2 protein chains.
Amino acid sequence: MAKNNSDEVVCALDYAFRRIGGKHKARIMWYIFKKNNVLRYGELKRMIGNITPKMLTQTLRELEEDKLINRKVYAQVPPKVEYSLTQTGMELIPFLDHVGAWGRKQMEKENYTA
Amino acid sequence: MAKNNSDEVVCALDYAFRRIGGKHKARIMWYIFKKNNVLRYGELKRMIGNITPKMLTQTLRELEEDKLINRKVYAQVPPKVEYSLTQTGMELIPFLDHVGAWGRKQMEKENYTA
DNA sequence: AGCATTAGTATCTTTTAGCATACTATATAT
DNA sequence: ATATATAGTATGCTAAAAGATACTAATGCT
C-alpha cells in the first residue's frame with residue numbers, strides 16, 4: 001500500500017479509495033487508458049500540466065506499488081519509460097468512466113443554475 | 001464545492017474525486033445508503049469509529065454543500081439530526097458498489113499471495 | 001438542583017499532501 | 001567540446017487534512 005498506510009484499512013471501500021483517491025491518480029490512469037494504454041513520463045507530465053516532477057514520480061511509484069500500472073524502462077539514452085495499466089488497473093476503468101460521466105452531468109447542472 | 005477548491009477543477013474526473021475522495025466520504029454515503037437512507041449523527045459516528053466529532057461534522061457539511069446528502073434537523077431536545085442521500089448522492093451508489101467489489105477482490109488476492 | 005442525552009463547537013497540534021526550484025546522468029548529434 | 005533530450009532526484013517549504021481534548025446548549029427526568 002502506498003498512501004495513508006498509517007492506520008488499518010477498515011473496509012473494501014476504504015482500501016479502494018486509498019489507492020485511487022490521490023489528487024492525480026484517477027486522471028493518470030484515465031490518460032494512460034485513453035492513449036491506447038501506453039504513455040511516457042513526459043507525455044503524462046504535459047497532459048497533467050500542473051504537477052511537479054517530484055509529485056508525478058511519487059504518484060506513479062505509488063500506483064506501481066499498488067499494482068495498478070506497469071513501468072517499462074528502455075535501455076536507451078535519453079531515457080524512455082512507458083507506463084501502462086495492469087489488468088487490475090484496467091478493471092477500474094469502467095468505474096472511472098462512470099464517475100466521470102456523473103461528474104460531467106453535475107458540472108452541467110451547476111452551470112444551469114449558477 | 002467543499003474540498004480542494006483552491007485551484008480550478010480540471011475535468012469531470014477531477015470534479016468527482018474532489019467531492020467523494022475525502023477520507024470518510026464514500027464510506028459515509030455507503031453507510032447511509034445501507035441503513036435505508038437515514039442515519040443519525042451519533043449512529044454514523046459509532047459506525048465510523050475512529051473519527052473526531054470535528055471531522056465528522058466537517059465532512060458532513062461538505063457533503064451537504066456538494067448536494068450529496070440532506071440534513072434534517074428535528075426541533076427536539078436532546079437534538080436529533082438525520083442524514084440521507086440526495087438524488088444526486090444516490091446516483092453514486094452503483095459506483096461505490098462497483099469500487100467496493102473491486103477492492104474486496106484485491107484484498108482477497110493480496111491475502112493469497114502475501 | 002443536578003444529571004443524562006445529543007449534536008455539535010472551539011482551540012490547538014500533528015501529520016500528510018503537494019509545490020517551487022534547482023540539479024543530475026548519459027548517449028547521441030553537431 | 002558542447003548542446004540536447006528524457007526521466008527523473010534533492011532539498012526545502014507551504015498548505016491542507018486530520019487528530020486530541022475539552023467544552024456547550026437545552027430540555028426532560030429524578
Side-chain angles (χ1 to χ4, degrees), chain A residues 1-10 14 17-28 31-32 38-66 69-84, chain B residues 1-10 14 17-28 31-32 38-66 69-84:
Chain A
M1 179 188 0
K3 197 181 128 191
N4 249 354
N5 54 357
S6 41
D7 43 328
E8 286 296 304
V9 166
V10 53
D14 184 31
F17 271 87
R18 285 180 192 227
R19 271 148 191 78
I20 56 170
K23 185 172 184 185
H24 311 281
K25 284 184 175 178
R27 254 169 84 217
I28 286 176
Y31 288 155
I32 294 176
V38 188
L39 212 42
R40 294 181 62 176
Y41 181 92
E43 297 181 276
L44 215 29
K45 186 153 177 1
R46 263 171 264 123
M47 290 175 85
I48 299 176
N50 272 338
I51 191 171
T52 59
K54 179 193 165 187
M55 269 310 297
L56 179 53
T57 299
Q58 183 184 307
T59 304
L60 289 169
R61 293 290 143 82
E62 288 176 3
L63 288 170
E64 195 193 354
E65 198 184 337
D66 290 337
I69 63 171
N70 296 124
R71 178 170 178 267
K72 183 174 182 183
V73 184
Y74 290 82
Q76 299 180 0
V77 169
K80 174 176 176 180
V81 179
E82 285 179 349
Y83 292 94
S84 58
Chain B
M1 179 188 358
K3 196 183 128 190
N4 249 356
N5 54 356
S6 41
D7 43 329
E8 286 295 304
V9 166
V10 54
D14 185 32
F17 271 86
R18 285 180 192 226
R19 272 149 191 78
I20 57 169
K23 186 171 184 183
H24 311 281
K25 284 183 175 179
R27 254 169 84 214
I28 286 176
Y31 288 154
I32 294 175
V38 189
L39 213 43
R40 294 181 61 176
Y41 181 91
E43 299 181 274
L44 215 29
K45 186 153 176 359
R46 263 171 265 123
M47 290 175 85
I48 300 177
N50 271 338
I51 192 171
T52 60
K54 179 199 164 185
M55 270 308 299
L56 179 53
T57 299
Q58 184 184 308
T59 304
L60 289 169
R61 292 289 142 82
E62 288 177 3
L63 288 170
E64 196 192 355
E65 198 185 336
D66 290 337
I69 63 171
N70 296 123
R71 177 169 179 268
K72 184 173 182 185
V73 183
Y74 291 81
Q76 300 180 1
V77 169
K80 174 176 176 179
V81 178
E82 283 179 349
Y83 293 95
S84 58

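These numbers were taken from a predicted model, which means no experiment stands behind them. Lettering of chains follows the sequences in order, A, B, ..., and the numbering in each one begins at 1.
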Listed pairs under 3.5 Å, donor-acceptor, residues 38-47 of chain A side chains, sequence neighbours left out:
from, atom 1, to, atom 2, distance (Å)
Arg40(A), NH2, Pro79(A), O, 3.3
Tyr41(A), OH, Pro53(A), O, 3.2
Tyr41(A), OH, Thr57(A), OG1, 3.2
Glu43(A), OE1, Arg40(A), N, 2.9
Lys45(A), NZ, Ile51(A), O, 3.2

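Protein atom CG of Leu63(B) is 13 Å distant from nucleotide atom P of dA17(D), rounded to whole Å. Straight-line distance from the OH atom of Tyr83(A) to the C1' atom of dT6(D): 11 Å, rounded to whole Å. When rounded to the nearest whole Å, the span between CD of Glu82(B) and C1' of dA7(C) equals 13 Å. Across the protein-nucleic acid pair, Leu60(B) atom CG and dA18(D) atom P stand 13 Å apart, rounded to whole Å. Atom CZ of Arg18(B) is separated from atom C1' of dA17(D) by 15 Å (rounded to the nearest Å). Separating the CG atom of Leu56(B) from the C1' atom of dA10(C) is a distance of 16 Å, rounded to the nearest angstrom. Look at CZ on Phe17(A): it is 16 Å from P on dA17(D), rounded to the nearest Å. A straight line from CD1 of Ile48(B) to P of dA7(C) spans 13 Å, rounded to a whole angstrom.
Asp66(A) contributes atom CG, which lies 11.0 Å from atom CZ of Arg18(A) (distance to the nearest 0.5 angstrom). To the nearest 0.5 Å, atom CZ of residue Phe17(A) and atom CD1 of residue Ile20(B) are 4.0 Å apart. Atom CD of Glu62(B) is separated from atom CD1 of Ile69(B) by 10.5 Å, given to the nearest 0.5 angstrom. Separating the NZ atom in Lys25(A) from the CG atom in Leu60(A) is a distance of 10.0 Å, to the nearest 0.5 Å. If you take NE2 on His24(A) and CG on Asp14(B), they are separated by 9.0 Å, rounding to the nearest 0.5 Å.
Within the 4.0 Å cut-off from OP1 or OP2 of dA7(C), not a single side-chain nitrogen or oxygen of Arg61(B) is found. Residue Lys23(A) places at least one side-chain N or O closer than 4.0 Å to OP1 or OP2 of dC19(C). Within the structure, every side-chain polar atom (N or O) of Arg71(A) is placed at least 4.0 Å from both OP1 and OP2 of dA7(D).
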For this session: Could you go through the side-chain contact (heavy atoms from CB on, under 4.5 Å) check for Gln58(B) and Arg61(B) one step at a time?
Result: CA-CA 5 Å; Gln58(B) 184 184 308; Arg61(B) 292 289 142 82; 5.8 Å; no

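In terms of heavy atoms, Ile32(A) sits closest to Tyr83(A) at CG2-O, 3.7 Å. Minimum heavy-atom separation, Arg27(B) to Ile48(B): NH2-O, 3.3 Å.
Within residues 39-46 of chain B, the residues having any heavy atom under 4.0 Å from DNA chain C are, by residue number, Arg40(B), Tyr41(B), Gly42(B).
Each of Lys80(B) and Met55(A) has a nearest nucleotide on DNA chain C; the 5'-most of these lies closest to Lys80(B).
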Exercise. Tell me, for nucleotides 21-30 of chain C in 5' to 3' order, what letter each nucleotide earns: B for a base near a protein heavy atom under 4.0 Å, S for only sugar-phosphate near one, - for neither?
Worked result: -----BB---

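Contacts of Tyr74(A) with the nucleic acid, taken as non-hydrogen atoms under 4.0 Å apart, are absent.
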